[in-house]
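These notes are about the structure you will find just below.
The figures that follow rest on heavy atoms only: side chains count, while hydrogens, waters and symmetry mates do not. Per chain, numbering begins at 1; letters A, B, ... match sequence-line order.
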Amino acid sequence: MQPNADSLVILDFETTGLSPDNGDRAIEIGAVRIENGKVTEQFQELMNPGFGISDFIANYTGITNEMLSGAAPCDQVMKRFADFLGDDNLVAHNASFDKRFLDAELNRISCQYRGEFACSLLLARRLYQQAPNHKLGTLVQFKDILASGNFHRALFDAQMTAKLWLAMLEDISIQSGLSEVPFTLIQKLSKTPKQQVSTFLASC
DNA sequence: TGCCAGGCCCTCTTTAGGGCCTT
């Protein structure tokens with residue numbers, strides 16, 4: 001069975017650090033589902049990793065140990081997220097980071113997923129080569145996307161990534177002439193050398 | 001004891017190094 005081609009889940013993790021291989025865990029997951037170019041559902045939960053988070057992470061995210069003390073453990077939250085995700089494909093900003101944590105947390109509960117990842121960072125680096133940088137917040141500003149909330153919280157970052165994603169789909173549609181932009185085309189474009197992006201889109 | 005991420009991508013590259021992104 002193939003992943004669901006009509007529906008996409010855009011997700012973001014807040015975590016205790018950068019590497020699940022070094023013992024870091026997820027502390028919050030936020031996600032939105034996009035169907036036919038519109039956000040139709042959202043998911044957000046804090047999760048208790050079972051140990052205290054550093055001052056750096058608390059300051060960076062605004063998530064405190066007190067907030068996490070009342071949260072459900074990671075395994076319960078990730079099971080609910082796996083149910084939410086279903087067979088959809090996935091998008092994240094710097095997807096290699098979120099994929100590592102998704103794989104690590106789902107492995108702990110012996111849970112699989114079928115969807116494939118696309119990366120909004122890799123796509124933005126190709127589409128918006130003139131942007132000052134390709135951080136999520138910078139790209140939201142660069143594309144004049146309305147942003148009212150706190151970056152570095154999972155749901156808000158997922159919502160902003162979703163808006164950026166839809167803006168990129170529109171730009172791809174304009175440049176390629178395609179009325180619908182297949183997920184597989186986006187994955188190919190994300191691996192196309194930057195100098196060949198215009199040629200790639202013109203040949204669609 | 002000391003160390004501590006990983007993938008992508010560029011370049012003064014490929015027998016390598018360093019910046020960008022994510023927390």
- Query: Counting any heavy atom closer than 4.0 Å, what does Ile27(A) reach on the DNA or RNA strands: base, sugar-phosphate only, or nothing?
  - Reply: nothing
- Among dC9(B), dT23(B), dC21(B), the one nearest Glu14(A) by side-chain distance: dT23(B)
- What residues in residues 150-161 of chain A put a non-hydrogen atom under 4.0 Å from any atom of DNA chain B? His152(A), Asp157(A)
- Task: Could you tell me whether Asp103(A) and Lys99(A) make a salt bridge, using a distance below 4.0 angstrom between a side-chain N and a carboxylate O?
- Result: yes
- Sugar-phosphate only, base, or nothing, as touched by Phe101(A) at under 4.0 Å among non-hydrogen atoms: nothing
- Message: side chain to side chain contact (heavy atoms under 4.5 Å, CB included), that's the test. Do Arg25(A) and Thr15(A) meet it? Break it down for me.
- Response: CA-CA 6 Å; Arg25(A) 299 294 303 273; Thr15(A) 70; over 6 Å; no
- Task: Among the candidates dC21(B), dA5(B), dG6(B), find the nucleotide nearest to the side-chain atoms of Ser19(A).
- Result: dA5(B)
List the atom pairs, donor and acceptor, that lie under 3.5 Å between side-chain atoms in residues 183-191 of chain A and the rest of the protein, sequence neighbours left out.
| from | atom 1 | to | atom 2 | distance (Å) |
| --- | --- | --- | --- | --- |
| Gln187(A) | NE2 | Glu116(A) | OE1 | 3.2 |
| Gln187(A) | NE2 | Phe117(A) | O | 3.2 |
| Ser190(A) | OG | Ile186(A) | O | 2.8 |

- Task: Just call it for Asp12(A): base, sugar-phosphate, or nothing, with non-hydrogen atoms closer than 4.0 Å on any strand.
- Result: sugar-phosphate
- Query: If the C1' atom of dC12(B) is compared with that of dG17(B), how far apart are they to the nearest Å?
  - Reply: 11 Å
- Spacing of Gln187(A) atom CD relative to dC8(B) atom P, expressed in whole Å: 13 Å
- Sorted by number, residues from residues 60-81 of chain A placing a heavy atom under 4.0 Å from DNA chain B are Tyr60(A), Thr61(A)
- Task: Considering only atom P, compute the distance from dG18(B) to dT14(B) and round it to an integer number of Å.
- Result: 13 Å
- Message: Run the salt bridge (Lys or Arg N to Asp or Glu O under 4.0 Å) test against Lys143(A) and tell me which residues pass, sequence neighbours left out.
- Response: Asp171(A)
- Query: Which whole number of Å gives the distance between the C1' atom of dT13(B) and that of dC9(B)?
  - Reply: 12 Å
- Between dC21(B) (C1') and Arg100(A) (CZ): distance, integer Å: 11 Å
- Rounding to a whole Å, what distance do you find between His93(A):NE2 and dC8(B):P? 15 Å
- Scan side-chain atoms only and decide if Thr40(A) and Glu35(A) contain a donor-acceptor pair under the 3.5 Å cut-off. yes
- Leu164(A)/Ile145(A) under side chain to side chain contact (heavy atoms under 4.5 Å, CB included): CA gap, chis, key distance, verdict: CA-CA 7 Å; Leu164(A) 174 65; Ile145(A) 293 168; 4.2 Å; yes
Enumerate, atom names and distances included, each donor-acceptor pair closer than 3.5 Å involving a side-chain atom of residues 72-86 of chain A, sequence neighbours excluded.
| from | atom 1 | to | atom 2 | distance (Å) |
| --- | --- | --- | --- | --- |
| Lys79(A) | NZ | Asp83(A) | OD1 | 3.2 |
| Lys79(A) | NZ | Asp83(A) | OD2 | 3.3 |
| Arg80(A) | NE | Glu45(A) | OE2 | 2.7 |
| Arg80(A) | NH2 | Glu45(A) | OE1 | 3.0 |

- Task: Using atom CD of Glu28(A) as one end and atom C1' of dT22(B) as the other, report the distance to the nearest whole Å.
- Result: 15 Å
- Measure the distance from CD1 on Ile57(A) to P on dA5(B) and round it to the nearest whole Å. 14 Å
- When you compare dT23(B) with dC4(B), how far apart are their P atoms, in angstrom units rounded to a whole number? 22 Å
- Between CG of Asp103(A) and C1' of dG6(B) the distance, given in whole Å, is 13 Å
- Message: If you assign each of Leu121(A) and Lys191(A) to its closest nucleotide in DNA chain B, which residue comes earlier from the 5' end?
- Response: Lys191(A)
- Donor-acceptor side-chain pairing of Ser120(A) and His93(A) below 3.5 angstrom: yes
- Considering only dC21(B), dT23(B), dC9(B), which nucleotide approaches the side chain of Asn94(A) most closely? dC21(B)
- Query: Contact class for Asp98(A) vs. all strands (heavy atom < 4.0 Å): base, sugar-phosphate, or nothing?
  - Reply: nothing
- Query: For the pair made of NZ in Lys99(A) and C1' in dG7(B), what is the distance, rounded to whole Å?
  - Reply: 12 Å
- Message: Counting only side-chain heavy atoms from C-beta out, which of dT23(B), dC9(B), dG6(B) sits nearest to Leu122(A)?
- Response: dC9(B)
- Pick the C1' atom in dC20(B) and in dT1(B), then give their distance to the nearest Å. 32 Å
- Item | Sequence-distant partners of Tyr113(A), ring pair (Phe, Tyr, Trp, His ring centres under 6.0 Å), two or more places apart | none
- Task: For Ser19(A) and Asp24(A), test the side chains for any donor-to-acceptor distance below 3.5 angstrom and give the result as yes or no.
- Result: no
- Walk me through it: do Glu14(A) and Ile63(A) pass the test side chain to side chain contact (heavy atoms under 4.5 Å, CB included)? CA-CA 9 Å; Glu14(A) 304 307 318; Ile63(A) 297 169; 4.0 Å; yes
- Examine dC20(B): is either OP1 or OP2 under 4.0 Å from a nitrogen or oxygen in the side chain of His134(A)? Give yes or no. no
- Message: Rounding to an integer number of Å, can you tell me how far Asn22(A) CG sits from dT22(B) P?
- Response: 20 Å
